[in-house]
Visitor: 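Got a structure for you, questions after.
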Amino acid sequence: MNKVYLKRKISPRVVNGHPWIFNNEVDKIDGEVQGGDIVEVFTYDKKFVGKGYINPKSQILVRLLTRNKGEEINEKFFFDQIAKCWDYRKKLGYTENCRLVFGEADSLPQLIIDKFNDYFVIQTLALGIDIWKPAIVKALNEIFQPKGIYERNDVPVRELEGLPQQKGFLSAPFDTKIVISENGLQFYVDIENGQKTGYFLDQQDNRRAIQHIVKGADVLGAFTYTGTFEIHAACYGAKSVLGLDISANAVDQANKNAELNGVSDKCRFETANAFDVLKQWGKEGRQYDVVMLDPPAFTKSRETIQKAITGYKEINLRGMKLVKPGGFLVTSSCTNLVNPELFLQIIDMAAKDVRRKIRQVTFQTQAGDHPVIRGMDNTEYLKFLIIQVQ
Ligand code: SAH
């Protein structure tokens, strides 16, 4: 097996458990490596660090799969890892729908598997994991006997690895519009054409957190996608719910989801740019008991972090203006580039600008089927905050 030797001064990050090894951290490579090969990694003085997959085309040269010298990376390895992932989710009670594999946080770098009851959606976002797709599919078939497996590799990040964007069946074809049940409610999930893997499982616990504050409330939700938070609000006893999304397709799905749950009389969705509409309604003096925001990441790179800060501040400021005194703002941020501390600072700045006093009610992260590895900051990405706006 080819060997990779790290520079003398490697960052403690790798030794302390981070699975990524960057190009500039490597001193030399023994042997001819091909993209996707499994390599052994050693320190400069030949101490074993781990085994992982290599891609000379990528800035992240090696991603470690194991720190155990005796462990072979083969079909059985993937079966055992996925079985372990499933045991963990079962232990936590995430059985029906869950993120079964959350990449680095499950020691399977760049592999995402979402389980929607009997259906599975896979993303293999690096060459070294993409190669193992047949073994991964085999393991899923053996452990779950699923009704269907679908690949959503239509993700631009794959191009950094020299991989094409693609999507399609990894099982016999099936109807890709399925219905899942969450917190006792029903939602259509469009596995083939929905965003990311079709549904945002990471907010499944957070959706329950609005249960009491929405009772009897007039609720406005922006960035609703298929209406999950809003339909929860309607079913938890809101008086009226309006959801907005810029995607007509998402709004269409959201209205269908409202129907599916029998709440379309009081819960409706419209296509709108939330930035424009919230500003306009603020000027008009509209007021809601609860405003909910769940915007996209605004930036994907550290270089343009200011763009994200400006975006979050702007939308939260506009949202706060629409909250009746004593009402609530429910607000999220889904990029790891804005850490929890910074997110709270942004909210404070927005409150200051609109001269409203705020009280923190709830501050939490993604659901436990997306575990956070301490010190691996890209695994801690979701911020979910409820504040009372005085
Ligand atoms: N709350 C959703 C997830 C939201 S994802 C859930 O729990 O499932 C973010 C959504 O914001 C996407 O559906 C996207 O279409 C929408 N979006 C992006 N920019 C927008 C804008 N300017 N105005 C309204 N919606 C926008």
Side-chain angles (χ1 to χ4, degrees), residues 97-99 114 116 121 152 155 178-183 185-191 193-211 214 219-236 238 241-258 260-261 267-282 290-300 307-308 310-319 322 329-335 338 364-367 369-370 381-386:
N97 312 308
C98 63
R99 176 144 295 185
D114 279 351
F116 299 116
V121 182
R152 279 301 300 270
V155 186
I178 60 167
V179 175
I180 63 165
S181 150
E182 179 186 281
N183 300 322
L185 310 179
Q186 312 290 308
F187 296 99
Y188 288 108
V189 177
D190 183 345
I191 286 177
N193 296 312
Q195 294 180 26
K196 306 270 176 77
T197 60
Y199 189 85
F200 294 97
L201 289 167
D202 51 3
Q203 294 271 30
Q204 61 173 308
D205 294 344
N206 298 335
R207 294 187 186 107
R208 278 199 305 276
I210 65 168
Q211 180 162 3
V214 296
V219 177
L220 173 67
F223 311 94
T224 69
Y225 184 43
T226 54
T228 55
F229 272 98
E230 291 67 25
I231 288 160
H232 274 76
C235 295
Y236 286 144
V241 185
L242 173 60
L244 308 172
D245 200 281
I246 205 162
S247 151
N249 198 24
V251 166
D252 188 45
Q253 285 288 308
N255 278 316
K256 288 197 175 111
N257 277 331
L260 186 63
N261 289 283
C267 181
R268 62 195 173 84
F269 296 90
E270 287 173 11
T271 309
N273 183 330
F275 279 90
D276 300 343
V277 166
L278 266 59
K279 188 175 186 184
Q280 181 59 30
W281 293 352
V290 177
V291 173
M292 307 192 289
L293 308 171
D294 187 12
F298 295 135
T299 178
K300 293 222 174 338
K307 216 173 94 187
T310 310
Y312 283 121
K313 182 176 164 198
E314 194 59 37
I315 198 67
N316 280 286
L317 183 152
R318 291 177 190 189
L322 292 173
L329 179 74
V330 178
T331 180
S332 297
S333 152
C334 62
T335 169
V338 171
Q364 51 201 38
T365 186
Q366 68 257 14
D369 55 345
H370 298 59
Y381 68 99
L382 189 67
K383 281 79 55 193
F384 173 82
L385 175 69
I386 303 181

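Whatever order the structure lists ligands and atoms in, that order sets their numbers, starting from 1. Residues take their numbers from the sequence shown, with the count starting at 1.
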Visitor: Nearest to atom 18 (C) of ligand 1 by heavy atom, Gly227, Ser247, Pro296, Cys334: which?
Guide: Pro296
Visitor: Is there a side-chain contact between Tyr381 and Thr365 in this structure, where contact means two heavy atoms from C-beta onward sitting under 4.5 Å apart?
Guide: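 In short, these two side chains do not touch, never coming nearer than 4.5 Å.
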Visitor: Could you find the nearest protein heavy atom to atom 4 (C) of ligand 1 and give me its residue, atom name and distance?
Guide: Phe223 O, 3.2 Å
Visitor: Under 4.0 Å, heavy-atom basis, I'd like to know which part of Ala272 is in contact with ligand 1: side chain, backbone, both or neither.
Guide: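 Within the 4.0 Å criterion, Ala272 contacts ligand 1 through backbone atoms alone.
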Visitor: So, is Phe229 polar-close to ligand 1, with some N/O to N/O distance under 3.5 Å?
Guide: no
Visitor: Find the distance between CG (Asp245) and CD (Gln253) and round it off to the nearest 0.5 Å.
Guide: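 Rounded to the nearest 0.5 Å, the CG-CD separation comes out at 11.5 Å.
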Visitor: Go through the steps to decide whether Leu244 and Leu220 satisfy the test side chain to side chain contact (heavy atoms under 4.5 Å, CB included), and finish with yes or no.
Guide: CA-CA 8 Å; Leu244 308 172; Leu220 173 67; 4.1 Å; yes
Visitor: After noting the C-alpha distance and the side-chain angles of Val338 and Thr299, does the key distance pass the side chain to side chain contact (heavy atoms under 4.5 Å, CB included) rule?
Guide: CA-CA 10 Å; Val338 171; Thr299 178; over 6 Å; no
Visitor: So is Thr226 touching ligand 1 or not, going by heavy atoms under 4.0 Å?
Guide: no
Visitor: More than 12 foreign heavy atoms under 6.0 Å from CG of Asn183: is that the case here?
Guide: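 It does: Asn183 CG has more than 12 such atoms within range.
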Visitor: Measure the CH2-CZ distance between Trp281 and Arg318 for me, rounded to the nearest 0.5 Å.
Guide: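 Atom-to-atom, Trp281:CH2 and Arg318:CZ are 13.5 Å apart.
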Visitor: Looking at Arg207, which atoms of ligand 1 are within less than 4.0 Å of one of its heavy atoms?
Guide: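 It comes down to these atoms of ligand 1: 6 (C), 7 (O), 8 (O).
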Visitor: Hey, can you tell me if Phe116 and Tyr199 have their rings parallel, tilted or perpendicular (30° and 60° cut-offs)?
Guide: perpendicular
Visitor: Heavy-atom distances under 4.0 Å are what count here, so tell me which part of Tyr225 touches ligand 1: side chain, backbone, both or neither.
Guide: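 Contact part for Tyr225 vs ligand 1: both backbone and side chain.
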Visitor: Among all protein non-hydrogen atoms, which one is nearest to atom 3 (C) of ligand 1, and what is the separation to 0.1 Å?
Guide: Asp294 OD2, 3.3 Å
Visitor: Report the nearest protein non-hydrogen atom to atom 16 (C) of ligand 1: residue, atom name, distance rounded to 0.1 Å.
Guide: Asp245 OD2, 3.2 Å
Visitor: Determine whether Lys279 and Glu314 satisfy the following criterion, side chain to side chain contact (heavy atoms under 4.5 Å, CB included), listing intermediate values before the conclusion.
Guide: CA-CA 9 Å; Lys279 188 175 186 184; Glu314 194 59 37; 5.7 Å; no
Visitor: Name the closest protein heavy atom to atom 23 (N) of ligand 1, giving the residue it belongs to and the distance to 0.1 Å.
Guide: Ala274 N, 2.8 Å
Visitor: Could you find the nearest protein heavy atom to atom 6 (C) of ligand 1 and give me its residue, atom name and distance?
Guide: Thr228 OG1, 3.2 Å
Visitor: Atom 25 (N) of ligand 1: which protein heavy atom is closest, and how many Å away?
Guide: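 The closest heavy atom on the protein side is Ile246 N, 3.1 Å.
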Visitor: Relative to the heavy atoms of Gln195, which atoms of ligand 1 are at a distance of less than 4.0 Å?
Guide: 12 (C), 13 (O), 14 (C), 15 (O)
Visitor: Return the closest protein heavy atom for atom 5 (S) of ligand 1 as residue, atom name and distance.
Guide: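 For this ligand atom, the closest protein heavy atom is Phe200 CE1, 3.8 Å.
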Visitor: Taking a cutoff of less than 4.0 Å between a non-hydrogen atom of the residue and any ligand atom, is Leu244 in contact with ligand 1?
Guide: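 False for this residue.
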Visitor: List every atom of ligand 1 that sits less than 4.0 Å from any heavy atom of Phe275, numbering the atoms from 1 in the order shown and giving each element.
Guide: 22 (N)
Visitor: Kindly compute the distance separating OG1 (Thr224) from CD1 (Ile231), expressed to the nearest 0.5 Å.
Guide: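 One gets 8.5 Å once the value is rounded to the nearest 0.5 Å.
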Visitor: Mind checking the CG-CG spacing from Leu382 to Asp294? Nearest 0.5 Å is all I need.
Guide: 7.5 Å
Visitor: Identify the residue among Ile386, Leu322, Leu293 that makes a side chain to side chain contact (heavy atoms under 4.5 Å, CB included) with Leu329.
Guide: Leu293
Visitor: For atom 22 (N) of ligand 1, which protein heavy atom lies nearest, and how many Å away is it?
Guide: Asn273 OD1, 3.0 Å
